[in-house]
2 protein chains.
Amino acid sequence: MERELLKGNTPTLILAVLEEGPLHGYAIAREIERRSDNALTFKEGTLYPALHTLEQQGWVISEWRKTAGERDRKVYTLTPAGRAALEERTRRWDRFAHAVDRILKKQERDEESPSLPPNSAWLPELHPGG
Amino acid sequence: MERELLKGNTPTLILAVLEEGPLHGYAIAREIERRSDNALTFKEGTLYPALHTLEQQGWVISEWRKTAGERDRKVYTLTPAGRAALEERTRRWDRFAHAVDRILKKQERDEESPSLPPNSAWLPELHPGG
DNA sequence: ATGCAATGCATTGGATAACGAGGTATAATA
DNA sequence: TATTATACCTCGTTATCCAATGCATTGCAT
């Protein structure tokens, strides 16, 4: 649903849900839906390629779990490098989200610089009734 | 710099800086940099096509300002439809950002459901020392 | 037994979007 | 006069999401 907004955040979200323990692909998708109250939905065409990329980068390792009377599942585990990547990407998300918020929220910005007239300097003389 | 994270948010940010008054393209880019403390940078290859799309959608209107002794500038003004789109997109960003935060921030999530063991139900019997 | 839904893995091609590179031109400054 | 900052623009490349599609198993209702 949030197709474009999701861009670039997929690996971060996957790493985040793996932080508390190994999960298989399908469970990762369900967990992200659950934690976000279905605001974020992971499609399979997004999930599996992303997991393979993560594995190639050495941020997760996978292992097939074959249990009698149960489906085979490929279980993914976060590596130390993956944990470091998660931290770095979380910081990056925080910086980005804060920057966007500063642009979108008028109040916050005004509180930070109450006396500055931000735009007028950039404008050629614009007479509103023009 | 935050290329992938920026995806989908470009129109929202442009509409946001236009909310307080008309600006020309170059000034829009500078204003976004200024408000975000250079965390967000708008490249010209991103900015101008985005402005044209916004105009086609009827969310902004443009007007050439020709002033003697000054460069010609194309000044963009938010339309009522654009203002509505900004509100809708701002709400959408808030929902999205909050959903991502809930997945990334362990503390918040735990406070919401302190007694639930979130992942164990999903896991096949995984012995950590395995 | 049979059908259907949910689970669980995967690939591929189309669509979308950011941006580097390239182009043109004016105003200010050294 | 050369350089920098300003100011507009387009195009091809690249990255990424996801719909569509495929295959197989488990559980449940019929």
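It should be emphasised that the depicted structure is a prediction, and the values quoted were computed from it without experimental measurement. Chain naming here is simple, since letters A, B, ... match the order of the sequence lines and numbering starts at 1 in each.
Position along DNA chain D of the nearest nucleotide to B/Leu47 versus A/Thr46 favours B/Leu47 as the more 5'-ward residue.
One interatomic measurement links the two molecules: CD of A/Glu31 to C1' of C/dG8, which rounds to 17 Å at whole-angstrom precision. Summarising the geometry, the separation between CG on A/Asp72 and C1' on C/dC9 is reported as 10 Å, rounded to the nearest angstrom. Distance NE2 (A/His52) to P (D/dC18): 17 Å, rounded to an integer number of Å. As rounded to whole Å, 15 Å separates atom C1' of D/dT16 from atom CD of A/Gln56. Look at CD on B/Glu44: it is 16 Å from P on C/dA18, rounded to the nearest Å. Atoms CG (A/Leu51) and C1' (C/dC9) sit 11 Å apart, rounded to a whole Å. The CG-C1' distance, from A/Leu23 to C/dG8, rounds to 14 Å in whole Å. In this structure, B/Arg71 places its CZ atom 11 Å from P of C/dA28, rounding to the nearest Å.
Using a cut-off of 4.0 Å between Lys/Arg side-chain N and Asp/Glu carboxylate O, A/Glu33 and A/Arg30 are scored as salt-bridged. Ion pairing between a basic and an acidic side chain is recognised when a charged N comes within 4.0 Å of a carboxylate O; B/Arg89 and B/Asp94 show no such pairing. By the 4.0 Å N-to-carboxylate-O rule, A/Glu31 lies close enough to A/Arg34 to be salt-bridged with it.
When distances run from any side-chain atom of A/Lys43 to the nucleotides D/dA19, D/dT10, C/dG8, the shortest one goes to D/dA19. For B/Trp64, whose side chain is taken as the heavy atoms from C-beta onward, the closest listed nucleotide among C/dG8, D/dC8, C/dT26 is D/dC8. Distances from the side chain of B/Arg73 to the nucleotides D/dC9, C/dC19, D/dA7 place D/dA7 closest.
A close approach under 4.0 Å does not occur between any side-chain nitrogen or oxygen of B/Tyr48 and OP1 or OP2 of D/dC9. Phosphate contact (OP1/OP2 of C/dC9, side-chain N/O of A/His24, threshold under 4.0 Å): absent.
In this structure, B/Ile14 CD1 and B/Leu47 CG are separated by 5.5 Å, a value rounded to the nearest 0.5 Å.
Applying the side chain to side chain donor-acceptor pair (under 3.5 Å) rule to A/Ser62 yields the partners A/Glu55; only residues at least two apart in sequence or on another chain are considered.
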